[in-house]
Number of protein chains: 2
Amino acid sequence: MPHDHNACPDCGLPDLAFAVHDHAHCAEQVLARAEALAQDAGARMTPVRKRVLEILLENHKALGAYDVLQRLAAEGFGNQPPVAYRALEFLVEHGFAHRIRRVNAFAACMYPGEDHAPVFLICKTCDLVAEAPAAPVRAALDAAAQAIGFSIERSNIEALGQCPACRGAA
Amino acid sequence: MPHDHNACPDCGLPDLAFAVHDHAHCAEQVLARAEALAQDAGARMTPVRKRVLEILLENHKALGAYDVLQRLAAEGFGNQPPVAYRALEFLVEHGFAHRIRRVNAFAACMYPGEDHAPVFLICKTCDLVAEAPAAPVRAALDAAAQAIGFSIERSNIEALGQCPACRGAA
DNA sequence: GCATATGTGTTATATTATAACTCGTCAATA
DNA sequence: TATTGACGAGTTATAATATAACACATATGC
Ligand SMILES: [Zn+2]
Ligand SMILES: [Zn+2]
Ligand SMILES: [Zn+2]
Ligand SMILES: [Zn+2]
């Protein structure tokens with residue numbers, strides 16, 4: 001296997017957003033794992049929180065807080081910004097979602113519980129966001145920081161460009 | 001020399017924001033280089049634009065657009081957001097400043113004209129932002145993207161943490 | 001059950017960013 | 001010389017993103 005993530009052992013599907021895959025399965029697995037992790041951590045995966053994660057998991061795009069809010073409101077949850085922001089904050093804090101600063105948006109984490117520091121590849125054409133294995137990038141970044149005595153606490157590594165499919169179409 | 005940037009040949013000072021250095025000299029050199037590059041490119045370094053760059057160059061911190069605007073307004077320039085945003089946009093487009101998305105702010109580029117894709121190290125304690133050499137990080141990122149057929153157009157690599165000085169103090 | 005912590009919903013407001021129109025300057029043209 | 005067109009700067013207005021602070025309910029731990 002050419003990756004270091006937990007691809008689904010059942011189906012062996014590729015684990016990257018850009019690849020064609022059975023996304024329903026993909027989403028279901030991630031949601032289940034997140035719920036289990038929340039339980040283990042004593043964190044409460046309440047209805048709003050779970051629903052927000054489900055919404056993010058609908059596809060591999062990043063959603064703005066207000067997009068999420070609109071969905072929540074339509075489903076009878078609160079319709080004010082804090083409702084969405086708080087749920088998103090919870091998901092990010094617990095590693096169930098990532099914040100993609102380049103586009104002021106949030107995406108479900110596809111590898112919850114794996115303590116990864118991912119790179120995000122954002123297709124500017126189809127808006128898909130892939131969370132790519134980043135160990136070598138992180139290592140290089142850590143080395144650069146260490147060389148000047150800087151200690152990194154959090155980092156974000158994001159790239160904008162075109163995914164294989166969209167590049168092929170152009 | 002342990003770096004791949006144009007340190008000043010006159011003074012041989014370290015080229016990183018966190019190091020103690022003659023910053024007046026540092027800023028003056030960068031400003032001069034930027035003005036020369038603008039001229040070469042047929043771009044007009046107008047009074048507002050130059051002033052914004054000078055303001056960013058006052059220290060190695062990143063400034064928000066509204067911080068810049070406040071300074072401009074106090075000096076008799078326009079006092080509406082587009083005045084600041086347009087000057088900042090010009091500087092970023094021409095490689096004279098960088099946008100640091102993690103903190104919604106802008107910092108002068110310390111290596112204008114060098115076609116670098118830097119890493120930003122942001123000290124959460126003193127707010128200083130260092131623009132570190134990033135060739136290895138970029139290489140790792142390019143490799144990760146290439147592995148899945150993604151073509152990168154722009155990327156941002158930012159890390160939040162503590163600089164050597166602030167870490168020493170804690 | 002009771003006390004407490006936590007989560008949700010609300011109002012209000014802060015912060016960041018852009019659209020669209022106007023005017024002045026300057027330089028190339030007719 | 002008058003005209004035009006490009007550009008930059010200033011303005012008004014508004015959009016988009018994000019948080020503070022309070023009221024109330026519900027879950028949790030005792
Ligand atoms: Zn999927
Ligand atoms: Zn695409
Ligand atoms: Zn300096
Ligand atoms: Zn510091």
Side-chain angles (χ1 to χ4, degrees), chain A residues 34-35 38-53 55-56 61-94 96-107 122 127 156 158 160, chain B residues 35 38-39 41-56 61-94 96-107 122 127 156 158:
Chain A
E35 292 202 79
Q39 179 118 22
D40 291 357
R44 294 164 53 190
M45 186 66 92
T46 62
V48 218
R49 292 168 176 176
K50 179 175 176 184
R51 190 69 194 113
V52 170
L53 183 52
I55 289 168
L56 292 181
K61 295 184 183 174
L63 286 183
Y66 282 78
D67 297 326
V68 170
L69 178 59
Q70 203 170 330
R71 295 287 306 273
L72 291 178
E75 299 178 16
F77 292 98
N79 66 345
Q80 297 305 315
V83 173
Y85 279 102
R86 284 194 293 231
L88 289 165
E89 181 185 35
F90 170 88
L91 295 174
V92 170
E93 264 172 9
H94 288 78
F96 304 148
H98 296 289
R99 186 171 194 159
I100 318 286
R101 311 201 81 110
R102 178 103 207 181
V103 291
N104 290 326
F106 300 82
I122 308 159
D127 280 346
N156 46 306
E158 303 169 1
L160 199 67
Chain B
E35 292 203 79
Q39 179 118 22
R44 293 165 54 191
M45 186 65 93
T46 61
V48 217
R49 293 168 175 176
K50 179 175 175 184
R51 190 68 194 114
V52 170
L53 183 51
E54 286 172 350
I55 289 169
L56 292 182
K61 295 184 183 172
L63 285 182
Y66 282 78
D67 297 327
V68 170
L69 178 59
Q70 202 170 331
R71 295 287 306 272
L72 290 178
E75 297 177 18
F77 293 96
N79 66 345
Q80 297 305 314
V83 173
Y85 278 102
R86 283 194 293 232
L88 289 165
E89 181 184 36
F90 170 89
L91 296 174
V92 170
E93 263 172 10
H94 288 79
F96 305 148
H98 296 289
R99 186 171 194 159
I100 318 287
R101 311 202 80 112
R102 179 103 206 179
V103 291
N104 291 324
F106 299 82
I122 308 159
D127 280 346
N156 42 314
E158 304 169 1

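Throughout, a chain's letter reflects where its sequence line sits, starting with A, and its residues are numbered from 1.
Rounded to whole Å, atom C1' of C/dT16 lies 15 Å from atom CD of B/Glu89. Put simply, CD1 on B/Ile100 is 12 Å from P on C/dA17, counting in whole angstrom units. In this structure, B/Glu75 atom CD and D/dG10 atom P are separated by 12 Å, rounded to whole Å. We find that CG of B/Leu63 is positioned 12 Å from P of C/dT16, with the value rounded to whole Å. Atom CE of A/Met45 and atom C1' of C/dG7 are 14 Å apart (whole Å). In this structure, B/Arg101 places its CZ atom 14 Å from C1' of D/dA16, rounding to the nearest Å. The CG atom of A/Leu88 sits 12 Å away from the P atom of C/dT8 (whole-angstrom rounding). As a whole-Å value, the separation of B/Phe77 CZ from D/dG10 C1' is 12 Å.
Both A/Arg86 and A/Pro81 sit near DNA chain C, but only A/Arg86 has its closest nucleotide nearer the 5' end. Across the interface with DNA chain D, nearest-nucleotide mapping of B/Gln80 and A/Val103 shows B/Gln80 to be the residue nearer the 5′ end.
Counting non-hydrogen atoms under 4.0 angstrom, A/Arg44 reaches the backbone sugars and phosphates but no base. A/Arg49 comes within 4.0 angstrom of the backbone, heavy atoms only, and of no base. Counting non-hydrogen atoms under 4.0 angstrom, B/Arg99 reaches the backbone sugars and phosphates but no base.
With distances taken from any side-chain atom of B/Pro82 to the nucleotides D/dA20, C/dA19, C/dT8, the minimum falls on C/dA19. Side-chain proximity of A/Asn104 to C/dT18, C/dG9, D/dT17: nearest is D/dT17. Among the nucleotides C/dT16, D/dA9, D/dA13, the one closest to the side chain of B/Tyr85 is C/dT16.
Here A/Arg101 does not pair with A/Glu158 in a salt bridge; the nearest charged N to carboxylate O distance is not below 4.0 Å. Between B/Arg51 and B/Glu54 a salt bridge is recorded (basic side-chain N to carboxylate O distance below 4.0 Å).
We find the CD-CZ distance between A/Glu89 and A/Arg99 to be 9.0 Å, quoted to the nearest 0.5 Å. Annotation: the span from A/Phe90 atom CZ to A/Met45 atom CE amounts to 5.5 Å, rounded to 0.5 Å.
Residues B/Ile100 and B/Ala62 approach most closely at CG1-CB, 4.2 Å, considering heavy atoms.
Dashed line: the shortest gap from a side-chain N or O of A/Asn79 to OP1 or OP2 of C/dT10 is under 4.0 Å.
In this model, a side-chain donor or acceptor of A/Tyr66 finds a partner on the base of D/dA18 within 3.5 Å.
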